[in-house]
J.: 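Dropping the structure in here first, questions after.
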Amino acid sequence: RTIDPAEMSLTWGENYASTPPGSATANALVIAAHINGSEYVDTFLPLGKALSLPPTAPAFLHLLNDTGTSATDGITQDPRLLIGPAVGAVSYEYRLGGSTRYLPLSNPAQLDPQGLADGLVQISVRARNADGVAGPDATLQFVLDRTGPATTPPALDRASDTGASDSDRITRARQLTFQVTLEPSERAVLERDGVPVATAASGSLVDPNPLNDGTSVYRVRRFDAAGNQTLSEPTTVRMDRITPTTPVPIETNREGVVRLPELPPDERYDYRVPGGFFQPAPSSTFTPAGLRFGLNRVEFRTSDLAGNISQIGSADILLAPASPTGIWLGQDGRDLVGPTSLAVPDGRVDIHIAVGGLSPQRRIRLVEVRGDGGGRWVFGPSVTPAGAWHAAFLRRPGATTADLYFQPDRIETGRLFTVRLVYGDGSEAQFVVQGGRAEPRRPATTLGTPQPAGSVAMRGPRALRRPRHR
């Protein structure tokens with residue numbers, strides 16, 4: 001039908017709205033208008049009576065409890081909100097995120113939203129007046145986090161884990177440091193046997209209190225920015241500051257074997273031969289590496305897993321085997337022979353093997369050395385056999401020891417060498433020597449016949465007494 005434009009006009013007088021005379025309309029739909037300072041959008045207004053003004057927005061909207069490391073960072077595990085009063089309000093309602101659906105509030109001063117997922121949350125609250133007119137929203141955004149942080153057991157710092165192992169958590173350190181992994185907004189509390197001993201916001205936690213001997217259990221309680229906390233699995237640390245007993249050898253023999261008292265599983269023996277350094281003993285009964293023929297003053301000590309070390313004990317060990325044997329001394333600077341069948345030096349360091357256990361009455365007329373995998377060296381005959389290099393064998397008449405020298409034919413890393421001795425009566429003896437490292441081109445520091453200490457003297461062709469450079 002045709003509508004008179006006059007019927008579509010409204011006039012206002014103070015708080016009243018009316019249509020032209022004769023209109024039967026009781027309400028008017030306002031598409032968009034500002035009336036008396038209030039905005040109306042798609043709203044029906046009653047005509048011929050005072051307009052219903054909307055309530056104001058809630059005076060405030062904030063978290064009831066901003067938990068965690070900061071009370072103002074908007075990261076919390078508690079989503080409850082406090083609502084400030086709105087002027088002209090008789091009821092309140094709220095909506096979540098960008099939803100257009102408002103839900104009624106039973107408590108006008110506090111909101112406890114349900115069903116929220118962790119993450120960014122947006123909540124809007126508005127009021128309505130007695131006529132049902134809604135006011136503007138008050139909106140708040142915050143981060144909801146109700147998930148505890150991941151945590152791992154505290155790791156004892158390697159510098160705090162004394163002894164032979166830096167990962168067995170057996171120590172004698174006076175102060176213990178632990179390492180933990182933290183996010184920038186987190187903090188950690190170190191607990192020993194359930195009692196807090198240190199707090200930190202970085203990766204290092206130090207227990208400042210000395211421990212008594214025995215076992216202690218450490219855990220880390222980790223807090224995130226929202227105040228969630230988790231307790232780690234335990235890390236057990238054993239404190240041991242008891243000094244072990246000084247070792248006293250039970251017996252030694254002429255073969256160099258030492259027998260010491262048996263030790264508990266968490267202790268071990270260390271030993272040091274003259275001119276050497278302390279090294280672990282393989283068991284309570286062993287032959288110290290590096291013994292020389294004759295009298296050796298060997299030192300012993302006991303150490304445990306925590307790194308406690310006893311006072312040093314010592315014993316004199318006479319190495320005088322009943323049958324021939326040898327000790328690898330490696331390249332100790334001497335040069336008597338070269339890579340030829342002639343008994344002349346070549347400027348390169350020879351391999352030195354100390355020989356012991358010789359019968360003082362028996363003459364040795366031939367010495368042959370064979371390497372496991374190749375190489376042959378011979379001393380004694382007037383003509384060195386084809387394919388063999390000359391060896392030097394130095395022995396004082398009637399001595400029970402001798403020195404064997406030969407030029408390495410390759411880079412040595414630790415193969416076996418078999419030494420064969422032929423006596424003047426034609427009988428033979430044989431022994432095996434464990435080799436070590438040697439370098440064929442290593443320059444010598446001394447050429448020709450050495451001046452050995454002890455009972456070793458030169459015995460062999462006169463060519464050995466006239467060293468010359470090649």
J.: With a 4.0 Å cut-off on N to O distance, would you call Asp137 and Arg95 a salt bridge?
T.: yes
J.: Answer whether the closest heavy-atom distance between the side chains of Val189 and Phe223 falls below 4.5 Å.
T.: yes
J.: When you check the gap from the basic side-chain N to the acidic O, do Arg268 and Asp270 get nearer than 4.0 Å?
T.: yes
J.: Going by the side chain to side chain contact (heavy atoms under 4.5 Å, CB included) test, name the single residue among Asp316, Leu260, Val298 that passes it with Pro249.
T.: Leu260
J.: For Gln77 and Asp145, does a side-chain donor sit closer than 3.5 Å to a side-chain acceptor?
T.: no
J.: Measure the acute angle between the ring planes of Phe417 and Trp377, then classify it against the limits of 30° and 60° as parallel, tilted or perpendicular.
T.: tilted
J.: Determine whether Thr287 and Val258 make a side-chain contact, defined as any pair of heavy atoms from C-beta on separated by less than 4.5 Å.
T.: no
J.: Would you call Asp346 and Arg348 a salt bridge, taking side-chain N to carboxylate O under 4.0 Å as the test?
T.: no
J.: Consider only side-chain N and O atoms of Thr76 and Asp78, and report whether a donor and an acceptor are under 3.5 Å apart.
T.: no
J.: With a 4.5 Å heavy-atom cut-off, do Thr325 and Phe293 have their side chains touching?
T.: yes
J.: Any Lys/Arg nitrogen of Asp304 or Arg172 sitting under 4.0 Å from an Asp/Glu carboxylate oxygen of the other?
T.: no
J.: Assess whether a salt bridge exists between Glu299 and Arg272, defined as any Lys/Arg side-chain N lying under 4.0 Å from an Asp/Glu carboxylate O.
T.: yes
J.: Are Asp409 and Gln407 linked by a side-chain donor-acceptor pair shorter than 3.5 Å?
T.: no
J.: Which class fits the ring pair Tyr218 and Phe178: parallel under 30°, tilted 30 to 60°, perpendicular over 60°?
T.: tilted
J.: Flag the pair Arg395 / Leu358 as yes when at least one side-chain heavy-atom distance between them is below 4.5 Å, and no otherwise.
T.: yes
J.: Does CZ in Arg410 sit with more than 12 non-hydrogen atoms of other residues, nucleotides or ligands closer than 6.0 Å?
T.: yes
J.: Evaluate Ser204 against Gln179 for side-chain hydrogen bond (donor to acceptor under 3.5 Å, both in side chains), listing each step before the verdict.
T.: CA-CA 5 Å; Ser204 295; Gln179 300 296 331; 3.2 Å; yes
J.: Does any donor atom in the side chain of Ser310 or Thr243 lie under 3.5 Å from an acceptor atom in the other side chain?
T.: no
J.: Do the ring centers of Tyr269 and Phe286 come within less than 6.0 Å of each other?
T.: no
J.: Salt bridge between Glu368 and Arg370, side-chain N to carboxylate O under 4.0 Å?
T.: yes
J.: Quick one: does Pro113's side chain get under 4.5 Å of Ile123's, heavy atoms only?
T.: yes
J.: Would one find more than 12 heavy atoms of other residues, nucleotides or ligands at under 6.0 Å from atom CZ of Arg437?
T.: no
J.: Check the pair Thr67 / Asn65 against side-chain hydrogen bond (donor to acceptor under 3.5 Å, both in side chains), numbers first and verdict last.
T.: CA-CA 6 Å; Thr67 61; Asn65 184 18; 5.6 Å; no
J.: Cation-pi between Arg301 and Phe278: NZ/CZ under 6.0 Å from ring centre and within 45° of the ring axis?
T.: yes
J.: Any side-chain heavy atom of Arg365 within less than 4.5 Å of one from Val422?
T.: yes
J.: Could you check if a side-chain atom of Leu404 sits within less than 4.5 angstrom of a side-chain atom of Val419, using non-hydrogen atoms only?
T.: yes
J.: Taking atom CD of Gln110 as the centre, does the number of heavy atoms from other residues, nucleotides or ligands within less than 6.0 Å exceed 12?
T.: yes
